[in-house]
Amino acid sequence: MEAVAEYRASPDRSDENGRGLSLTLPRRPSSVARARGHVRAAFGGLGLLHLIETAVLLTSELATNAVRHAHAGRTFEITVRSVADHVWVEVADQDGSPLPSTRAARLDDTGGRGLHLLDCLADRWEAESNGTGKIVRFGLSLARPS
């Protein structure tokens, strides 16, 4: 099992070059746990302990979507970036399919609730095409109560 890096970035920057703390993972189910570990370590290194569990849950949803629904490309990338008063987590894939949208899940559906979790738990979220695929990101406010 690969060790997850420990991050020691200050909350007002992502890395020395402003790119964020990124990890590229193979598009397979075992990568979802590694994505969660990446976010857990990044938020811990930023001293954002009160946001870790929410960030990890939402990351799990986005990484799972990238593994399940992005049929193009062999990898996806997860980035944690601190911008102004929010910390953003982005999941980028190489699939140019339509952007995700919320849907009404039936009681017996095993999926279809991830974007609803984003609506409820993230302060902001958005999706965009980036020319080679799509990026889905969520932001958590640094001013959130503990």
Side-chain angles (χ1 to χ4, degrees), residues 1-70 73-105 110-146:
M1 181 168 158
E2 184 176 321
V4 176
E6 184 174 331
Y7 299 108
R8 297 280 183 223
S10 64
D12 63 342
R13 64 177 203 169
S14 298
D15 69 1
E16 298 79 28
N17 302 308
R19 291 185 305 257
L21 304 165
S22 296
L23 179 65
T24 300
L25 296 166
R27 196 176 55 80
R28 61 179 178 234
S30 61
S31 293
V32 176
R34 291 184 60 202
R36 288 191 302 261
H38 174 72
V39 167
R40 184 177 297 284
F43 274 66
L46 291 167
L48 302 172
L49 304 180
H50 62 290
L51 297 176
I52 286 177
E53 295 309 317
T54 300
V56 167
L57 173 63
L58 296 178
T59 297
S60 189
E61 293 297 328
L62 295 186
T64 298
N65 284 352
V67 168
R68 280 187 172 170
H69 302 297
R74 294 183 178 180
T75 62
F76 68 97
E77 183 176 53
I78 182 149
T79 303
V80 178
R81 179 185 332 274
S82 179
V83 179
D85 60 349
H86 281 75
V87 176
W88 290 89
V89 177
E90 302 178 348
V91 175
D93 63 43
Q94 297 136 13
D95 188 54
S97 63
L99 296 177
S101 60
T102 56
R103 66 180 179 91
T110 58
R113 294 173 182 84
L115 297 180
H116 291 289
L117 283 174
L118 283 175
D119 279 338
C120 292
L121 299 176
D123 293 301
R124 295 175 55 189
W125 76 272
E126 57 196 34
E128 69 177 72
S129 295
N130 66 1
T132 59
K134 64 184 162 300
I135 299 171
V136 182
R137 67 177 63 88
F138 65 88
L140 299 174
S141 172
L142 295 173
R144 262 183 188 220
S146 299

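- The backbone N or O of Leu21 sits less than 3.5 Å from a side-chain atom of His38, completing a donor-acceptor pair.
- Annotation: side chain of Leu140 is not in contact with side chain of Val89 (no heavy-atom distance under 4.5 Å).
- Not a single side-chain hydrogen bond (donor to acceptor under 3.5 Å, both in side chains) links Asp85 to another residue, sequence neighbours left out.
- Screening Asn65, Val67, Leu25 against Val32 for a side chain to side chain contact (heavy atoms under 4.5 Å, CB included) leaves a single residue, Val67.
- Residues in residues 43-58 take part in these salt bridge (Lys or Arg N to Asp or Glu O under 4.0 Å) pairs, two or more places apart or across chains: Arg40-Glu53.
- Contact annotation: the side chain of Arg137 approaches that of Glu128 to within less than 4.5 Å [non-hydrogen atoms, C-beta and beyond].
- Rounded to the nearest 0.5 Å, atoms CD (Glu61) and CZ (Arg36) are 10.0 Å apart.
- Between Leu142 and Ala84, the closest heavy-atom pair is CD1-O, 3.7 Å.
- Judged by distance alone, with hydrogens and angles left aside, the side-chain atoms of Ser31 form no donor-acceptor pair with the main-chain N or O of Arg27 at under 3.5 Å.
- Asp93 places no side-chain N or O within 3.5 Å of a backbone atom of Ala70 that could act as its donor or acceptor partner.
- With hydrogens and angles disregarded, a donor-acceptor distance shorter than 3.5 Å links the side chain of Lys134 to the backbone of Asp95.
- Partners of Asn130 by side-chain contact (heavy atoms from CB on, under 4.5 Å), not counting sequence neighbours, listed by chain and number: Thr132, Ile135.
- The backbone N or O of Val56 sits nowhere less than 3.5 Å from a side-chain atom of Ser60 that would complete a donor-acceptor pair.
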